*Asks:* 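What follows is a structure written as structure tokens; I'll ask about it next.
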Amino acid sequence: MTDNLQLNSEGKLKHFLTIDGLEKSLLTEILDIAESFVGINDHKIKKVPLLRGKTIVNLFFENSTRTRTTFELAANRLSADVLSMSISTSSTSKGESLLDTIRNLEAMFVDMFVVRHAISGAAHFIAQHTAPHISVINAGDGQHAHPTQAMLDMFTIRQIKKDFSNLRVAIIGDILHSRVARSQIQALNTLGVAEVRVIAPKTLLPAHVESLGVNVSHNLTAGLKDIDVIIMLRLQKERMTSALLPSESEYFKCFGLTEDKLKIAKPDAIVMHPGPINRGVEIESKVADGPQSVILKQVSNGIAIRMAIMAMTMQKQGVM
Amino acid sequence: MSQIHIKQGCIIDPVNNISRIGCVYIADGKIVSVTNEPEGFKPDTIIDAHNQIVCPGFIDLSARLREPGQSRKATFKSETTAAANAGVTTMCLQPDTRPVIDTPAVAELIKELAEKADYPQVYPIAALTRKLEGTELSSMLSLKQAGCIAVGNASQSVKNLLILRRAMEYAASHDLLVMFRPNDFWLGNNGCAHEGAVATRYGLPGIPEEAETIALAQCLELVELTGCRVHFGQLSCKRSVIKIYQAKKYGLNVSADVAIHQLHLTENDIIPFDSNYHVLPPLRTEVDKQYLRGGLASGTINSICSDHQPHDIDAKLGAFPETEPGVSSLETLLPLMLKLVSEHIITLEQGIASLSENPARVLRIKSGALTVGFAADVCIFDPELEWQVNSDNWKSRGVNTPFWGQMLKGRVTHTLQAGRVIHCLEKSKR
Amino acid sequence: MLEIHDLLNKLEIELKRIIIERQLSNPLMIGIRTGGVWIAEQMHQRLNITEPLGLLDISFYRDDFSQIGVNPNVKPSQLPPHIEGRDIILIDDVFYTGRTIRAALNEIFDYGRPNQVVLAVLITRDGRQIPLCPDCVGANITLNVNQRIKLTGPEHLAIELQTIEAA
């Protein structure tokens, strides 16, 4: 199944909903264009006129100050007019009112929706039902996908490691509930890394996780061997109350990244985390703030990658 | 009353072991003769069934007509018209109406709605427990007397096994069939898709097969304990088929059905986030589909049901997990059954038996056969007629089907319910 | 017809003239990608400018973005951090509609406010769409509507005259 919904008739990006189904050349193009947007940070006026006169609406049905802020900044730097709306899901628990929200905004001549929603498939749904000239960017939907986060991670990895082909990447933590992990796995495999390894207890792994193209380990010490890139995932507190894990402290004991455990990976391994970090739960502060951590770099790269994706989806607006 | 002569069709009547070209004679709503013309028979209606199949009208063990309570989705009128269009002459109505079928008053209301819709053969299934909540027994005897043909749990889990045991014991005391859809609430974990590679890829909350097989195994143990007669509905996976096979071999008095779409679709057919594929139990794997097909062919699975669940557009308009599950499936029942025949999974006789003889046996009703003296429930269909699933050919109010727009083969031309022609396909569409 | 070395020589003379005329002090030379950079490299050498050449990629400033989209080969511009108050020599290969120069000026001004900008181009052709005019020119030519002029390089700079086939 390919997601042609994302591409227009010329094979260009129209929506950005998931990494699934996108070709390597397109992912590389996103990274290349993002690269040149990094240069804009040298400008006294950190803005280009690319999306001047365009209106972008950030529709956040789920709170995320950080992701919303980087999308706002990215839109601003492309000179678009940007409006951010936080909508409580209680008022749109039914599909019909979600559509009503979209229709109302469409009537205000919006050109793009950036959507964050707690339900898998919400961004797809909006892309399918919105007016044809509007682009939709998925800023995270349920447990499905968070493709812009995955691309900024790929960007950060490429910045440091240059080439993907020999890399062994470990993703550690709550894979089951993580849209970030799904998108990262798809992106890493499309870009052709040597290995993606997921490390977690069975309770935090989805069924048939190997079908995503990963190796599985339930042991952090064994799993970190030969690893070039370590991606830690955030552990939500709810995982304890729903009997997926006994306690934070036991999780930290087994799967928390400490200085000692970091030594098992390759000496030049980098440590990544999509944030926000739970210090002392999935990662030790010394590691999070240590020399191998690139967590803050990820944050600043978030703007360039989102600029690239926004610009690419808005190009040739009108080609279906 | 009127006399009807169905002329020169290919009669297939598994109960009476008939499979040949001939005529069916109907008088006063009953079958009076098959093949031999009765003396002094003066038909006022002649139906030319040349090149068509004449068989017993179909009996659907699981349907939802959305009344009472959800007439914005569909009505008795619209859905019984769809049933007639599909050759279905008898339907069992699941108890999860609003209100739930847990009092004689609701059962009587349903009978009344059926009469009003000119389609009297709707059998309500009573709720196994009050409000289907799984905590108190329903008044099964009164419900039986009010016309309920069985008791069941619809799609609700019975979380407490002690309650299930007692409900089964009580049903057995009144010789009531329990129609049970095995479904463990906790293992189901509010999922919306088969817990497998596809759900993992799209981040959809999964339902493991064990949510069904464990609930099935528990209920089978209780069949042994209580002696209750149980029919398992809408099975979806391999190990359910194996368990039913073993239970039957062991001598338990159980039967089972499968929803027609489970015999054709798997998780791999799901178009990403297309809510028309959102069904419960979920579409499972290719292996499961093969076992369900095999189970049907070997007789482990007795019958095919439509599991008809029409929805309004809004119910299916949303992100996949938050849409309502179910397919509007009455009108694709026959062509999809015929597809199993053309794929050599079952014979045409088996297919017809799974829609008539076998469900009649499960329900212990005098139907599902062209036996002389039986009510003349007859379905006449053209097995070669191709038609498109579109609003022109569709009677159900629910258009929620993954087969929408497809060309299907096999179409009902006439449906007779107790000797009354309740459906006759326009000449222009034949 | 158009001999590249004659044009480069002419442009060099023109540039020397304008530097005196406009009293450019310590000018910053900027080439527009890609052809403009090749010309600028030549001039940079000939005029003995010590400060590195600035490179400008105007992809993000084009006014036809919604028709042609983002150029996937876009590279970051490389300009020194302090544009504020500088004298700038902006160089391109062919001056045609004027839109490229408009975009380039917009981008330069986003880096800061220069003191003055002079524009030098190897060739100007007819077809102006914006009221801009270069200060230094290697040659002026007139072409048919279906003709295009293209600079090839950077190893052996040459000028090519192409005829666009009617579609």
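Keep in mind that this is a model prediction, so the values were computed, not measured. The chains referred to below are lettered A, B, ... by the order of the sequence lines, with proteins before strands, and numbering in each begins at 1.
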*Asks:* Count the heavy atoms belonging to other residues, nucleotides or ligands that lie under 6.0 Å from CZ of C/Arg22, then report whether that count exceeds 12.
*Replies:* yes
*Asks:* If you count heavy atoms of other groups shown closer than 6.0 angstrom to CD of C/Gln147, is the number above 12?
*Replies:* yes
*Asks:* So for atom NZ, which belongs to A/Lys46, do other residues, nucleotides or ligands contribute more than 12 heavy atoms lying within a distance under 6.0 Å?
*Replies:* yes
*Asks:* Need one label for C/Glu84: side chain, backbone, both or neither, based on atoms under 4.5 Å from any heavy atom in chain A.
*Replies:* side chain
*Asks:* Where does A/Ile30 contact chain C at under 4.5 Å (heavy atoms): side chain, backbone, both or neither?
*Replies:* neither
*Asks:* Which value, rounded to the nearest 0.5 Å, describes the distance between A/Ile40 atom CD1 and C/Glu107 atom CD?
*Replies:* 7.5 Å
*Asks:* Listed by residue number, which members of residues 56-64 of chain C have a heavy atom under 4.5 Å from any heavy atom of chain A?
*Replies:* C/Ser59, C/Phe60, C/Tyr61
*Asks:* Within the supplied structure, the quantity of interest is the number of heavy atoms (other residues, nucleotides, ligands) at a distance under 6.0 Å from C/Asn9 CG; does it exceed 12?
*Replies:* yes
*Asks:* Quick one: closest heavy-atom pair of C/Pro76 and A/Gly39, and the distance?
*Replies:* CB-CA, 4.5 Å
*Asks:* Are more than 12 heavy atoms from other residues, nucleotides or ligands located less than 6.0 Å from atom CD of C/Gln129?
*Replies:* yes
*Asks:* What's the spacing between C/Asn73 CG and A/Glu29 CD if we round to 0.5 Å?
*Replies:* 8.5 Å
*Asks:* Between C/Val74 and A/Ile33, is there a side-chain heavy-atom distance shorter than 4.5 Å?
*Replies:* yes
*Asks:* Give a yes or no on whether C/Glu51 atom CD has more than 12 heavy-atom contacts from other residues, nucleotides or ligands under 6.0 Å away.
*Replies:* yes
*Asks:* Just wondering, are more than 12 heavy atoms of other shown residues or ligands nearer than 6.0 Å to NZ in A/Lys297?
*Replies:* no
*Asks:* Can you tell me which of A/Ala311, A/Ser79, A/Ala308, A/Ser36 forms the most heavy-atom pairs within a distance under 4.5 Å of chain C?
*Replies:* A/Ser36
*Asks:* Is it the side chain or the backbone of A/Leu78 that comes within 4.5 Å of chain C heavy atoms, both, or neither?
*Replies:* neither
*Asks:* Kindly check if the number of other-residue, nucleotide or ligand heavy atoms within 6.0 Å of CD (C/Glu155) is above 12?
*Replies:* no
